[in-house]
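Protein chains get the first letters and strands the later ones, always in sequence-line order, with residue 1 at the start of each. The figures that follow rest on heavy atoms only: side chains count, while hydrogens, waters and symmetry mates do not.
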2 protein chains.
Amino acid sequence: MPTIKDVARLAGVTVTTVSRVLNNRGYISDATRQKVYQAMEELNYQPNEIARSLHRRKSKLIGLIIPTVSHPFFGELAGFIEYYAHLIGYKVLVCNSLLDRKKEKEYIEMLKSNRVDGIIMGSHTLEVEEYMNVNYPIVTFDRCISEKIPYISSDNYEGGKLATTLLIQKGCKKVAHISGNLQLQLLANKRSQAFIELSKEHGIESVIVETELNVFDITQYEMMIRHLLEKHPDIDGIFASSDVMAAYVIQICYFLNKRIPEHIKIVGYDDIKIASLFVPPLTTIRQPIEEMAKCAVELIVKQVNKEPFERENVFPVELVERLTT
Amino acid sequence: MPTIKDVARLAGVTVTTVSRVLNNRGYISDATRQKVYQAMEELNYQPNEIARSLHRRKSKLIGLIIPTVSHPFFGELAGFIEYYAHLIGYKVLVCNSLLDRKKEKEYIEMLKSNRVDGIIMGSHTLEVEEYMNVNYPIVTFDRCISEKIPYISSDNYEGGKLATTLLIQKGCKKVAHISGNLQLQLLANKRSQAFIELSKEHGIESVIVETELNVFDITQYEMMIRHLLEKHPDIDGIFASSDVMAAYVIQICYFLNKRIPEHIKIVGYDDIKIASLFVPPLTTIRQPIEEMAKCAVELIVKQVNKEPFERENVFPVELVERLTT
DNA sequence: TTCAATATGTCAATCGTTTGACATAAAAGA
DNA sequence: TCTTTTATGTCAAACGATTGACATATTGAA
């Protein structure tokens, strides 16, 4: 691989000059600039970003830790994060924690070693204290870690409220909620909180089942939902805390010959792309994933540049009514 | 951030010694080793991987270029690639080309600048020649670029054959195929080729519609499929070249009151996780995504280590029969 | 006692780039 | 003509780690 020296030699100038054209600083005549460009072209020269990073002590790298990019919600989130990062010259190092505490910790260490400029945390199995000595620009999804660390979330309470209210309005007499893991101190728990409060407020019978940690044990999900519907055959409304979860519900209802929305109504959460392709198309609470992703990148950049930023970034949620309610 | 010098100072040894314990080379007494570890602990020291990369001229970075991680197939692929890369100490830089030629080129340049150890290409809008001066370990998904570059694909012809044969066996009289973009020189085109040959061989009427490049124009897909089914209302079997595409088909059939599988049978391709959650659950051709991802990482590593490797890596495909046929 | 193995230190180059300080020379403006 | 401005060069340190060559000192074993 050619270095800046090779370029300098070929262009008949010094490395200082090459560096000057590379970084647009100091005086450079057009003639020299052209010579240098030509030499770079000829050698197929690419400045070594590693050396640059080392020197300027900025890697232009953002670390992204999520449960897994293969989950549609996080996949879309990661896609947008990478999109907005790329727009401003940042690269994204994707880390799939699989909600494994050990991996999550390893990844944080790894990202620190690689001197990423910031970390976006969308996976939260670690204790709050563990973040204390991460003296990095950091942004959190759906979890409030400390006074200093900014977080991003959708308006979870409002989302839970919209979902629950819709079910009640549509005439449900007994509603169920499939929540995420409530042990983790996630802001998403407010969805469940809203569900509980609203159904109580309206005097509607309600039941909650909680999801285990291991996100992708398909048969386990099936069992759980099946069990729920068999134990409470009179459930006529379900608020699932994610669209993927709602997909399970829809399918099980199909096998149980419960017609949607006649016998049972379903509301999801997230509004991932494929939710509109379910049969029937899923009514869900839309999180503005793109805006949230953009915000995450901006929050990292602001911290890098030592600009002021908002700590609380709660995004409005929207009820997208399709055909499951 | 503390450096190796700070550690040396605190431990009362030289940087050479610290480096020796860090890299496990030369003689080191247990006592010194402990002192050094303690100093590292105390300072919360993380060796600077950027400096290391610069010196050893290996970044332990793999670049992954795909259309977008938010597409379920590529999301799952990316997830597994990251998983296997992480197992052996590699990190993954994810690049979403959005099938934009310019972005794809930019990303290749960027990855070269960042001196990634290898590139996994899953997005192919570029001309073959453009790859010529990528003198990197490289692996390709579903495209054969040159004599030297290894590629990975599923047994596309066999997949197309299995799908088409199944439709015919199940009694379809007029079958349709929704292909990807056939201009791109992808190996996936063999799915279409098999479809054409098999339906002709069995004397079955067939029709093909081709997908445009812009992957995610939802309404466009809908229009296309709707148009297809309206123009040919007697189609009773569809082979979609991806599960996502099949999801569109299923939904449109639902709206058109075509019952699946009674009136029309559908086969997808990929077997993404969510395909089993469709209603009805999708019959599809399974690509062994995990094995393919593992292979991609291994092929990069083998090239990095200058070990011999296979150029053609075609993975067997499996018919997963669910309820749409 | 002597030799080898073990343990650590010293020194400096290297990876590829940036940058500051300074020198020099040509071109341009007053 | 004299002074700026512009254009380039020279030199060397810095970023943070690795490594080879060599020196020295302490062990322990023969």
Side-chain angles (χ1 to χ4, degrees), chain A residues 1-40 43-61 89 109-117 304, chain B residues 1-40 43-61 89 109-117 304:
Chain A
M1 276 257 157
T3 74
I4 198 174
K5 286 185 191 172
D6 301 315
V7 176
R9 199 174 308 129
L10 184 62
V13 297
T14 61
V15 297
T16 308
T17 304
V18 178
S19 177
R20 285 205 258 254
V21 345
L22 228 40
N23 299 286
N24 256 316
R25 44 171 44 248
Y27 297 115
I28 287 289
S29 70
D30 265 0
T32 326
R33 183 170 272 121
Q34 289 317 313
K35 272 195 304 183
V36 171
Y37 279 142
Q38 203 180 314
M40 299 202 302
L43 292 172
N44 199 0
Y45 169 76
Q46 306 279 135
N48 185 328
E49 282 299 327
I50 295 184
R52 284 181 151 186
S53 295
L54 178 61
H55 187 270
R56 84 169 96 82
R57 290 192 270 181
K58 286 267 153 68
S59 61
K60 287 274 178 183
L61 226 42
E109 299 297 291
M110 183 275 272
L111 292 174
K112 284 169 72 178
S113 279
N114 283 277
R115 299 298 191 267
V116 297
D117 291 345
V304 167
Chain B
M1 276 256 157
T3 74
I4 198 174
K5 286 185 191 171
D6 302 315
V7 175
R9 200 175 307 130
L10 183 61
V13 297
T14 62
V15 298
T16 308
T17 304
V18 177
S19 177
R20 285 204 260 254
V21 345
L22 229 40
N23 298 288
N24 256 316
R25 42 171 44 248
Y27 296 115
I28 287 289
S29 70
D30 265 359
T32 322
R33 183 170 271 122
Q34 288 318 313
K35 272 194 303 182
V36 171
Y37 279 142
Q38 204 179 315
M40 299 201 302
L43 293 172
N44 198 1
Y45 170 78
Q46 305 280 133
N48 184 328
E49 283 299 327
I50 296 184
R52 285 181 152 186
S53 295
L54 179 60
H55 187 268
R56 85 170 93 83
R57 290 193 268 181
K58 287 265 154 67
S59 61
K60 287 276 180 181
L61 226 42
E109 298 298 291
M110 183 274 273
L111 293 174
K112 283 169 75 178
S113 279
N114 282 277
R115 300 298 191 267
V116 297
D117 291 345
V304 168

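In this structure a side-chain-to-backbone donor-acceptor pair under 3.5 Å is missing from Asn23(A) to Arg25(A). Under a 3.5 Å cut-off, the side chain of Asp117(A) and the backbone N or O of Lys60(A) do form a donor-acceptor pair. At distances below 3.5 Å, not a single donor-acceptor pair connects side-chain atoms of Asp6(A) with backbone N or O atoms of Pro2(A). Judged purely by atom type and a 3.5 angstrom limit, Arg115(B) uses its side chain to pair as donor or acceptor with the backbone of Lys112(B).
Between Gln34(B) atom CD and dA7(C) atom C1' there is a gap of 16 Å when expressed in whole angstrom units. Between the NZ atom of Lys5(B) and the P atom of dA14(D) there is a distance of 8 Å, rounded to whole Å. Between the C1' atom of dA17(D) and the CZ atom of Arg57(B) lies a distance of 14 Å, rounded to the nearest Å. If you measure from atom NZ of Lys35(B) to atom P of dA7(C), you get 13 Å, rounded to the nearest angstrom. Atoms CD (Gln46(B)) and P (dA17(D)) sit 11 Å apart, rounded to a whole Å. Atom CG of Asp6(B) and atom C1' of dC15(D) are 14 Å apart (whole Å). The nearest whole Å value for the distance from the CG atom in Asp30(A) to the C1' atom in dT6(D) is 13 Å. With rounding to whole Å, Arg115(B) atom CZ is found 13 Å from dC15(C) atom P.
Here Ser29(B) lies in heavy-atom contact (under 4.0 Å) with sugar-phosphate atoms only. Residue Thr3(A) is classed as a sugar-phosphate contact, given heavy-atom separations below 4.0 Å to backbone atoms only. Within the nucleic acid shown, Ile28(B) comes within 4.0 Å of sugar-phosphate atoms alone, with no base atom in reach, counting heavy atoms only. Nucleic acid contact class of Leu22(A) (heavy atoms, under 4.0 Å, all strands): sugar-phosphate only.
Within the 4.0 Å cut-off from OP1 or OP2 of dG9(D), at least one side-chain nitrogen or oxygen of Thr17(A) is found. Within the structure, a side-chain polar atom (N or O) of Tyr27(B) is placed less than 4.0 Å from OP1 or OP2 of dT6(C).
For Arg52(B), the side-chain atoms get nearest to dT18(D) when compared with the rest of dT5(D), dG16(D), dT18(D). Checked against dC15(C), dT17(C), dA17(D), the side chain of Pro47(A) finds its nearest nucleotide in dT17(C). Distances from the side chain of Tyr45(A) to the nucleotides dC15(D), dT17(C), dG9(D) place dT17(C) closest.
Met40(B) has its side chain within reach of Leu22(B): a pair of non-hydrogen atoms, C-beta onward, lies under 4.5 Å apart. Within the 4.5 Å cutoff, the side chain of Asn114(A) has no heavy atoms near those of the Ile50(B) side chain. No side-chain heavy atom of Asn48(B) sits under 4.5 Å from any side-chain heavy atom of Ser113(A).
Using a 4.0 Å cut-off between a side-chain N of Lys or Arg and a carboxylate O of Asp or Glu, Arg56(B) and Glu49(B) qualify as a salt bridge.
Toward the 5′ end of DNA chain C lies the nearest nucleotide of Arg33(B), the other residue of the pair Arg33(B) and Glu49(A) mapping further downstream.
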Name the pairs: protein N/O against N/O of nucleotides 19-26 of chain C, kept only if under 3.5 Å.
| from | atom 1 | to | atom 2 | distance (Å) |
| --- | --- | --- | --- | --- |
| dT19(C) | OP2 | Arg25(A) | NE | 3.3 |

